[in-house]
Each structure stands twice: as C-alpha cells, then as structure tokens.
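The structure appears right after this line, and notes come after that.
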Amino acid sequence: MKKYYITTPLYYVNYKPHIGHAYTTLAADILKRHLKAEGRDVFFQTGTDEHGINIERTAREHSKTPKQWSDEIVVEFKDMWKTLHIDYDYFIRTTDEYHEKQVQLVFEKLIKSGDIYKGNYEGIYCSSCENFYDESELVDGKCPIHKKEVERVNEETYFFKLSAYQDRLLNHYKENPEFLSPSYRANEIIRFVEMGLKDISVSRTRVKWGISVLSDPNHTVYVWFDALLNYITGAGYDVHNPDNEKFKSLWPCDVHLIGKEIFRFHAVIWPAMLMALGLPLPKKVYAHGWWTVNGEKMSKSRGNIINPVDVVREYGLDTFRYFIFREVPFGQDGDFSTDMLKTKYNSDLANGLGNLFSRTVNMVRKYMDNIMPDKPKDSEIFSKITLMQKDIYKNIEEMQFSSALDLIWKAVSILNKEIDDKKPWEMAKKDIEGLKKFLNEMVWCLRLIARWIYPFMPDTSAKMNMYLAIGNTADKTVESQKLAPLFPKKN
Ligand code: MSP
C-alpha cells in the first residue's frame with residue numbers, strides 16, 4: 001500500500017530554527033494530522049542539510065568541526081519540533097551514513113549513464129545560497145538573494161546534463177498542471193526553462209566538507225545535489241535495489257513543501273535528476289511565501305529573528321499554530337507582528353472559539369446534568385454546519401490553510417450568533433425541553449469544530465473533546481472540574 005509521503009526542505013544547520021523553518025514544518029504537520037485523522041497512512045520526513053562551504057565556515061567561526069557544529073544545531077531543530085508538537089516520522093541528516101553512501105552510488109550511476117561528465121567550470125558562486133549565478137542575474141554585482149559579495153570560481157568539476165532534460169521538463173509541466181503549485185509561481189519556472197537550460201556543476205574540488213566522489217575523491221558532491229537526494233534516500237531508495245518494498249510504499253512523493261526561494265531547485269534540477277535515474281516525479285512541489293518581520297527581512301544582523309519559542313511562551317502553542325496559517329494564504333508572503341497576533345488572539349480565540357465553548361459547556365453542565373442524547377436528526381443548525389466540512393477538508397488537502405480556517409471561524413461565528421439569537425438562558429425559564437435540544441445541537445456542532453481544528457490546534461482540540469465527551473467520559477473528574485477558559489483574554 002502506497003503511503004502519503006510529505007517532505008519539508010532539509011534545513012541548513014548554520015542557524016538555529018526560526019519562524020520560517022517552523023512555517024514549512026508546521027504545514028507538513030497540519031497536512032499529516034488531517035490525513036491521518038481521515039484514516040490515511042502518512043509518512044512525513046524532515047531533517048537537516050549539513051554539508052557545504054557555508055557550514056564549514058560557520059563551524060570554523062565557532063571553533064568547531066563541521067560535524068560537531070551540526071550535531072549541536074540538530075538538537076536545536078529536534079527540540080524545536082518537539083516544542084511545536086511536530087509529528088514527523090523520520091528525521092534525515094545528510095551526514096547519515098546510508099544517505100552518503102547512496103549519494104555516492106547515484107553519482108557513479110550517472111557518470112556511467114553519461115548524465116554526469118567531467119569538465120571545467122568558470123563562474124560565479126554565492127556561498128550563502130550555495131548556488132551558481134550568471135553575471136546577468138546579479139544585482140549591482142551582488143547575489144540577488146543575499147545582496148552579498150559573490151565568489152568567482154574556476155575549477156575542474158563534474159557537470160550534470162541538465163540541458164538534456166529541457167523538453168521533457170516542459171512536457172511534464174504541461175501535462176501535469178498540478179505539479180508546480182501555486183500556479184502563479186509555476187509560470188516563472190516555465191519561462192525560465194523555456195529560455196534554455198545549461199548543464200550545472202555538481203562537484204567542487206575546493207570544498208572539503210562534503211560527500212566525496214567515489215571514483216574521484218578530489219571532488220566533493222555539490223551540496224544541493226547531495227541534499228535533494230534525501231527525498232529518496234530517506235524513503236529507502238537503494239541504487240542496487242530500487243524496487244525494494246519500503247521505497248515502493250513511499251515513492252513517488254505526494255508533496256514537497258518548500259519556500260519560494262528554492263522553487264527552481266525543486267521544480268527544475270530535482271525532476272531532471274529523477275528523470276536521469278529513471279524514477280517517477282513527485283506529484284506536487286508546493287512553494288509557499290516568505291515571512292518578514294514588521295516589513296523587514298529576518299536576519300541575524302538586524303536582530304529581528306522571531307523565535308517561535310518566545311511566541312509559544314507568551315500565547316501558547318496553538319495560538320502560534322493558528323496565527324501563522326490564518327492570516328496569510330499559504331503561498332503568499334506575510335508580515336509577522338505581535339500586535340496583530342494579540343488582536344487575533346483576543347478576537348478569534350478568546351472571544352470567538354473560547355467564548356462559544358465555555359458558554360456551551362457551562363450551560364450543558366447547568367441544565368443537562370451532563371447527559372447527552374444522540375446525534376441530532378432534524379437539526380437545521382447541525383446540518384448547516386456539517387455541510388461545511390467538505391470544503392474545509394478540500395482546502396486543507398490543497399494547502400489552502402487560511403481558507404480552511406476562514407470557514408471554520410465562519411462556523412464559530414454562526415454558532416455564537418445562534419446562541420445570541422436563541423437566548424438559551426431565557427429558554428431555561430420556560431422551555432426546558434427546547435433548551436436541552438438546543439444544547440445538544442450545539443455540543444454536536446462543537447464536536448465537529450474540535451475535529452476541524454485538530455490539525456491546526458491539536459491540544460485545544462483534545463481539551464475540547466475531553467469536555468465534549470460529556471456523560472461518556474470514563475474520567476468523571478473532568479465533569480467536576482471548573483471549566484478554565486480555553487484562551488484567557490489578554491490586555
Ligand atoms: N538546505 C536548503 C534546502 C535543501 S532541500 C533539499 C535550504 N535550507 S534553509 O535552511 O535555508 O531553509 C530554507 C527553507 O526554510 C525555506 O525553503 C522555507 O521552507 C523556510 N524558510 C526560511 N526562512 C523563511 C522565511 N523567512 N519565511 C518562510 N519560510 C522560510 O534552503
């Protein structure tokens with residue numbers, strides 16, 4: 001049985017994890033939790049990218065070997081994923097022995113097939129991007145992404161025959177319009193490939209911190225060529241046994257989630273590498289936008305890097321998980337501000353969901369003696385809310401997380417309005433049977449909401465379910481506990 005396979009990029013170990021890394025990884029977590037809740041078998045892989053000149057330099061600056069340095073930063077990543085309740089299945093490091101071995105074998109296989117050949121490279125390199133540039137791509141003579149000085153390199157190298165795959169790539173984009181998402185980002189890639197592809201350098205002789213080329217150990221494998229292969233090596237790809245069961249149960253990948261700045265690597269180079277290996281292509285590469293902070297790019301020198309742990313400490317994990325997916329459509333750029341976060345916390349969580357939940361549960365306790373009748377049959381409100389589920393699920397599966405949350409919060413406000421309109425506290429005085437029916441409907445609607453928010457806010461969902469299992473809980477203490485607000489209001 002093929003599992004649903006989701007990946008994040010492998011993060012460089014030259015920084016501690018920040019909100020940008022958390023964003024992609026949380027998106028993968030949300031998708032996984034949703035699919036699992038629907039009974040699908042999912043495999044979610046993340047990890048770290050540890051080779052290359054940049055990490056070699058960072059480690060040296062800290063008087064560490066690259067491996068020592070990587071080992072330390074890897075712990076930071078793993079701790080962060082624990083704090084954010086990221087439910088990944090496999091954490092791959094590009095320094096893992098199995099990965100390194102397979103990268104070497106892939107390289108040899110492609111030398112043999114003629115897809116990799118030896119030559120000389122003269123050109124421009126940005127070590128922060130770990131990317132080669134054409135003179136025409138530079139901005140004021142500097143790297144277009146990092147605005148830093150670039151390096152000139154002139155060395156013997158192995159080239160990958162990217163140019164040979166131009167037509168096949170264009171064909172694939174055309175025949176699989178879902179492959180590159182969102183579509184507004186795909187056009188840029190298609191135009192780039194149409195302009196003509198050049199062969200790319202995939203080995204370095206000057207960089208020592210990398211996987212050495214088996215048949216020519218003076219060369220190390222180019223860090224991107226090495227890192228991209230994680231998507232198959234982590235899934236059990238074996239050059240000598242590509243049809244093994246594990247790999248067949250995972251590949252092709254269902255979605256590579258990435259940031260927009262690395263779309264080209266994933267949309268052009270990676271599919272060409274897979275074509276050269278005779279492997280099917282991933283079903284989708286989804287490039288999301290970038291977070292800035294108060295309008296500025298996050299950077300060490302500006303000192304404006306947002307550490308998710310600080311946000312979680314102040315507002316709770318689920319607030320963070322909610323906020324970064326609610327406001328900004330996944331795909332577009334967003335600006336992070338704590339003022340906005342606080343506003344949304346009070347309006348959507350404390351007043352919206354929190355208020356709906358506590359009003360309902362308190363009335364149930366007061367008027368229903370904690371006993372819930374069965375699922376309502378002829379309830380207008382329950383039918384109306386149930387009908388929204390299909391679109392919510394569709395949005396999550398298409399990575400339209402903000403649209404899914406919009407719909408869920410539309411349901412929350414419909415339900416809050418229902419309470420305001422029906423005035424159950426007045427019903428309590430004259431129509432106790434009507435009141436009980438109404439509260440039963442509300443509980444069942446809230447159970448739906450608890451399921452819908454689960455991928456985004458797993459803790460809140462669990463807490464809601466605990467109280468909404470009214471009358472059915474084995475743990476009777478829950479029913480006697482005072483109900484604390486889900487989201488206490490912040491001043
Ligand atoms: N190591 C490469 C990826 C290799 S994948 C085979 C790399 N690493 S990275 O550490 O720079 O991480 C890049 C990824 O982190 C982005 O693609 C994105 O997923 C996430 N983000 C890093 N900063 C970000 C923002 N400011 N905003 C949103 N996401 C960003 O590139």
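Just follow the structure's listing: the first ligand is 1, and inside any ligand the first atom is 1.
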Quick one: salt bridge (Lys or Arg N to Asp or Glu O under 4.0 Å) partners of Glu175, sequence neighbours excluded?
none

Could you list the residues that satisfy salt bridge (Lys or Arg N to Asp or Glu O under 4.0 Å) with Glu137, not counting sequence neighbours?
Arg264

Pick out which of Tyr121, Phe159, Phe265, Phe132 makes a ring pair (Phe, Tyr, Trp, His ring centres under 6.0 Å) with Tyr222.
Phe132

Please tell me if the side chains of Lys67 and Trp209 come closer than 4.5 Å, counting only heavy atoms from C-beta onward.
yes

Any pair with a residue in residues 182-193 that passes side-chain hydrogen bond (donor to acceptor under 3.5 Å, both in side chains), sequence neighbours left out, goes on the list, sorted by first then second residue, please.
none

Any donor-acceptor pair under 3.5 Å from Tyr322 side chain to Leu317 backbone
no

Using a threshold of 4.0 angstrom between heavy atoms of the protein and any atom of ligand 1, which residues qualify?
Pro9, Leu10, Tyr11, Tyr12, His18, Gly20, His21, Thr24, Asp49, Trp224, Ala227, Leu228, Asn230, Tyr231, Gly259, Glu261, Ile262, His266, His288, Gly289, Trp290, Trp291, Met298

